[in-house]
Trainee: 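Dumping the structure here so I can ask a few things about it.
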2 protein chains.
Amino acid sequence: MATIYDIAEEAGVSIATVSKVINETGRISDKTRQRVKEVMKRLNYQPSVVASALTKKRTYMIGLLIPDLANPFFAELARSIEDHCHELGFNLVICSTDNEPDKEERSINLLRQKSADGIILATGGKNQDIIRNLIQQNQAIAVIARGMPSLSVDTVLVDDNLGGYLAASHLIELGHRDIAVIAEDLEVMSSKERVRGYRQALEDHHLPYREDRIRVSAFHVKGGKDTAGQILDEPDRPTAIFACNDLLAIGAMQAAYERRIAVPEEVSIIGFDNSILAAHMNPPLTTIAQPIQELGRQVVNLISQEINGDKTTKQRIVLLPELVVRGSTGSRKG
Amino acid sequence: MATIYDIAEEAGVSIATVSKVINETGRISDKTRQRVKEVMKRLNYQPSVVASALTKKRTYMIGLLIPDLANPFFAELARSIEDHCHELGFNLVICSTDNEPDKEERSINLLRQKSADGIILATGGKNQDIIRNLIQQNQAIAVIARGMPSLSVDTVLVDDNLGGYLAASHLIELGHRDIAVIAEDLEVMSSKERVRGYRQALEDHHLPYREDRIRVSAFHVKGGKDTAGQILDEPDRPTAIFACNDLLAIGAMQAAYERRIAVPEEVSIIGFDNSILAAHMNPPLTTIAQPIQELGRQVVNLISQEINGDKTTKQRIVLLPELVVRGSTGSRKG
DNA sequence: CTGAAAGCGCTAACAA
DNA sequence: TTGTTAGCGCTTTCAG
């Protein structure tokens with residue numbers, strides 16, 4: 001690999017001059033600029049970001065913590081974030097944490113050792129201490145798709161409460177009066193909010209709220225399937241299920257399928273996220289859509305402003321979810 | 001952020017000593033080692049990888065080029081690679097290229113500027129020049145899920161030819177005699193191989209091969225849907241479709257659904273990859289399974305050996321795909 | 001067992 | 001407009 005010294009020598013100038021043409025700083029005569037550029041091209045020179053990072057304190061690398069890259073919702077979100085990072089000249093380092101505080105901490109330490117310019121968090125609803133720490137150490141961070149109500153941190157998320165409300169209202173309007181919920185970890189804010197929205201909808205329609213209709217499940221398909229199985233095996237099973245994400249909803253559909261319970265004829269199922277999976281299920285899944293592209297765009301904007309320091313006030317951007325009616329929900333029979 | 005100087009001063013030793021305890025090199029007395037460690041902990045010291053990279057020529061960062069992170073197959077593959085990278089102390093930088101040579105080149109340049117220790121390629125079947133260049137520049141690389149027959153490069157992939165053969169044989173054994181293929185870009189080796197396997201199966205069963213039954217499509221759901229639509233709209237439509245990846249197969253199922261053509265009663269559809277989508281479709285998709293986890297594991301092993309230089313011969317590891325029969329294929333009627 | 005010092009490739013004053 | 005030079009934080013001989 002050629003270094004700045006090779007270029008300088010070959011072009012008959014000093015390394016400072018080369019540095020200036022690389023960074024387009026200072027004033028350089030057109031003639032030398034051309035000569036230097038020509039040499040750079042000829043030697044296939046790539047300036048070392050690691051060397052420049054040492055003095056500039058910029059690595060042009062952003063870290064992203066998500067629960068699981070294999071979860072289509074997060075994969076799509078990551079893709080959106082990746083694209084917008086590239087537009088601004090950043091690389092994206094993705095770390096899956098499985099929502100395990102251990103892995104979260106390890107990933108964050110790695111990112112700090114590598115001097116990531118910023119860290120985007122889509123995980124870690126619980127131990128907010130980690131985040132507090134980051135803030136305190138003056139690390140540029142932003143939170144996405146997760147509420148951190150008690151923290152002063154840039155955030156972009158969807159109105160989870162409204163989402164839960166929309167989901168439940170849709171089912172209620174279809175005539176359902178007994179609706180079960182498969183929730184993710186209730187310690188996580190956004191999860192709690194979705195359930196709160198559901199409950200609110202019940203109240204607004206003067207329907208009774210039953211604590212035992214709320215079930216917590218692991219956040220993948222299998223968890224949804226197991227939990228839905230328990231729900232459907234009960235003697236007084238509900239006529240509808242609100243699954244707090246699409247993966248859980250798919251699990252629920254499988255549980256119904258295995259029991260020969262028709263969807264939506266005998267049980268309606270609604271999901272949350274509107275990941276690629278939803279549209280392609282059979283029946284296609286009714287769900288609450290998160291504006292994934294927009295979430296990614298906004299969070300990259302926030303963090304880049306944060307990194308560049310041209311922003312001093314934190315903000316919380318709340319996008320609104322939308323109900324997408326497909327084939328997995330129908331009016332209550334019997 | 002504390003630096004090595006802060007630690008040295010606080011512990012009353014030289015920076016060389018601190019460096020040695022960090023890297024566990026040289027011989028340090030237990031007593032000073034303990035003292036230094038204590039100080040590091042107390043000051044929450046994180047050694048700067050960017051500084052050490054400058055001398056050690058190691059960034060502990062591996063780049064991964066894939067067509068699209070939002071494609072569940074690649075998301076799962078990336079997750080597997082990520083996990084194994086972490087085990088070995090590497091971070092993963094993922095770049096989606098949409099199979100566009102431009103983006104591939106840009107991504108690779110970025111990775112080189114950042115001195116990625118290694119680059120894993122799951123994209124770029126075409127312009128092998130890029131890869132040739134990398135090899136020539138002595139960059140550690142490995143190719144996954146893509147054949148580069150004319151290149152001397154570490155590779156781990158599935159036997160695509162066998163996969164195509166298994167898919168076609170399965171359909172033939174179900175009584176199908178007219179099987180269409182929805183292929184990806186035929187310039188890409190693995191794509192070509194799948195079709196070759198299909199053709200071989202036809203021959204082995206003394207069935208005629210029709211050039212016009214092979215259709216090339218963009219590699220996402222919509223492409224599969226459009227292409228399948230054309231196929232299904234023909235007067236002498238085939239009784240089965242072999243889609244060269246699950247996304248295309250899903251598109252095909254949608255096309256059939258829209259035309260009220262029952263799957264598998266009126267048309268059988270088989271996919272390739274066995275991504276998370278396959279099992280959860282309705283009917284669940286029969287497909288050719290790639291051992292995604294194993295692919296990831298092996299490629300990380302290869303590249304890490306390559307990086308550490310404890311390997312001089314290149315190898316090509318070929319894993320065998322398996323037929324997974326589900327509900328989207330059935331015996332030919334009528 | 002410990003430390004002094006050179007150097008990794010680049011940036012950023014400051015001089016010239 | 002161009003060049004000199006002092007770091008950035010760490011590793012690595014080489015002395016002591």
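Chain letters run A, B, ... following the sequence lines, proteins first, then strands; residues in each count from 1.
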Trainee: Taking atom P of dC10(C) as reference, at what distance in whole Å does atom OH of Y45(A) sit?
Mentor: 3 Å

Trainee: Between N308(A) and R58(A), is any side-chain donor less than 3.5 angstrom from a side-chain acceptor?
Mentor: yes

Trainee: Once you apply a heavy-atom cut-off of 4.0 Å, does V13(A) come out as touching a base, just sugar-phosphate, or nothing?
Mentor: sugar-phosphate

Trainee: 5'-most contact on DNA chain C: A16(B) or I15(A), nearest heavy atom basis?
Mentor: A16(B)

Trainee: Between S96(A) and D68(A), is there a side-chain donor-acceptor contact under 3.5 Å, judged purely by atom types and distance?
Mentor: no

Trainee: Would one find more than 12 heavy atoms of other residues, nucleotides or ligands at under 6.0 Å from atom CD of E9(A)?
Mentor: no

Trainee: In whole angstroms, how far is the P atom of dC10(C) from the CD atom of Q46(A)?
Mentor: 11 Å

Trainee: Could you give the OH-to-P distance, from Y5(B) to dC8(D), as a whole number of Å?
Mentor: 8 Å

Trainee: Want to settle it: does G12(A) or T3(B) sit nearer the 5' end of DNA chain D, counting the closest nucleotide to each?
Mentor: G12(A)

Trainee: Using the closest heavy atom to pick a nucleotide of DNA chain C for each, name whichever of S29(B) or A53(A) lands nearer the 5' end.
Mentor: S29(B)

Trainee: Verify whether one side chain among E104(A) and T123(A) offers a donor that lies under 3.5 Å from an acceptor in the other.
Mentor: yes

Trainee: Please state how far atom CD in E24(A) lies from atom P in dT11(C), giving the value in whole angstrom units.
Mentor: 12 Å

Trainee: Given dT1(D), dG9(C), dT11(D), identify the nucleotide with an atom nearest to the side chain of R27(A).
Mentor: dT1(D)

Trainee: Given atom CG of L54(B) and atom P of dT11(C), what is their separation to the nearest angstrom?
Mentor: 12 Å

Trainee: Quick check: does any side chain N or O of D98(A) sit under 3.5 Å from a backbone N or O of E100(A), one acting as donor and the other as acceptor?
Mentor: no

Trainee: Closest approach to the side chain of S52(A), judged atom by atom: which nucleotide of dT11(C), dG9(D), dT2(D) is it?
Mentor: dT11(C)

Trainee: Rounding to an integer number of Å, can you tell me how far K20(B) NZ sits from dC14(D) C1'?
Mentor: 10 Å

Trainee: Round to a whole Å and report the spacing from CD1 of I22(B) to C1' of dT12(D).
Mentor: 14 Å

Trainee: Measure from CG on D30(A) to P on dT1(D) and round the result to the nearest Å.
Mentor: 9 Å

